[in-house]
Amino acid sequence: MVFKTDLNVVCGTDAGTPFNRFDRGTQEELALWVDECGATTLQAMQGATIKAAQLLKVDQQRGTLQPGHAADFLVLAKDPLTDIHALMQTDKQVFQNGSRVH
């Protein structure tokens with residue numbers, strides 16, 4: 001199966017419901033895109049970053065790492081563009097607005 005669409009597909013979650021956990025809902029959704037829907041890891045990562053920011057019309061402040069943008073990002077041991085499941089690792093650093101929060 002190949003994930004082909006002219007539509008921008010973005011990540012969303014109903015975290016906090018019985019089947020969508022706060023701690024892993026987004027990571028599991030992105031893994032399903034790749035594992036079950038045929039998305040590339042790049043498509044999945046963009047759906048959770050720049051494409052979502054564009055949809056919400058906040059892409060002038062968020063969605064990419066560049067000067068002047070809010071620096072929200074993860075530091076991981078493995079590259080999620082190589083393996084989307086790297087997002088599920090528990091040993092990660094979380095940064096919000098450039099400051100480490102986890």
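Note that the numbering runs from 1 along the sequence shown for the chain. We use all heavy atoms of the structure for the numbers below, so side chains are in, but hydrogens, waters and symmetry mates are not.
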Using modelled atom types and a 3.5 Å cut-off, is there a donor and acceptor pairing between side-chain atoms of Asp72 and backbone atoms of Asn97?
yes
query: Any side-chain heavy atom of Val9 within less than 4.5 Å of one from Trp33?
result: yes
**Q.** 4.5 Å side-chain heavy-atom contact, Cys37 and Leu32
**A.** no
Between the CD atom in Gln66 and the CD atom in Gln61, the distance rounded to the nearest 0.5 Å is 11.0 Å
Joining Ile, Leu, Val, Met, Phe, Trp and Tyr whenever any side-chain heavy atoms lie under 4.5 Å apart, the cluster holding Phe73 also takes in Leu65, Val75, Phe95
| Does Leu87 reach the side chain of Leu74, with side-chain heavy atoms less than 4.5 Å apart? | yes
Output for pair (Glu28 CD, His85 NE2), nearest 0.5 Å, gives 9.5 Å
For residues 48-71, the ring pair (Phe, Tyr, Trp, His ring centres under 6.0 Å) pairs (sequence neighbours left out) are none
Residue set satisfying side chain to side chain contact (heavy atoms under 4.5 Å, CB included) with Asp91, at least two apart, ordered chain then number -> none
Check: Same hydrophobic cluster for Leu42 and Ile50, using side-chain heavy-atom links shorter than 4.5 Å among ILVMFWY?
Finding: no
Residues joined to Leu56 in its hydrophobic cluster, side chain to side chain under 4.5 Å directly or through other members, sorted by chain and number, are Val58
Check whether any side-chain heavy atom of Val101 sits under 4.5 Å from a side-chain heavy atom of Gln93, and report yes or no.
no
Residue set satisfying side-chain hydrogen bond (donor to acceptor under 3.5 Å, both in side chains) with Asp59, at least two apart, ordered chain then number -> none
- prompt: Same hydrophobic cluster for Leu76 and Met88, using side-chain heavy-atom links shorter than 4.5 Å among ILVMFWY?
  reply: no
Smallest heavy-atom separation, Thr49 atom then Gly63 atom, equals CB-O, 3.5 Å
Report task. Report yes or no: does Gln46 contribute a side-chain atom to a donor-acceptor pair with the main-chain N or O of Gln43 at less than 3.5 Å? Result -> no
For Gln60, the side-chain hydrogen bond (donor to acceptor under 3.5 Å, both in side chains) test, sequence neighbours excluded, returns none
In short, salt bridge (charged side-chain N to carboxylate O under 4.0 Å, His left out) pairs touching residues 74-85 with sequence neighbours left out are none
Hits for salt bridge (charged side-chain N to carboxylate O under 4.0 Å, His left out) against Asp35, two or more places apart or cross-chain, chain-then-number order -> none
For Gly47 and Ala52 the tightest heavy-atom approach is O-CB, 3.6 Å
Heavy-atom closest pair (Leu30 atom, Ala48 atom, distance to 0.1 Å) is CD1-CB, 3.8 Å
Taking Leu81 as the starting point, is it possible to reach Val10 by hopping between hydrophobic residues whose side chains are less than 4.5 Å apart? no
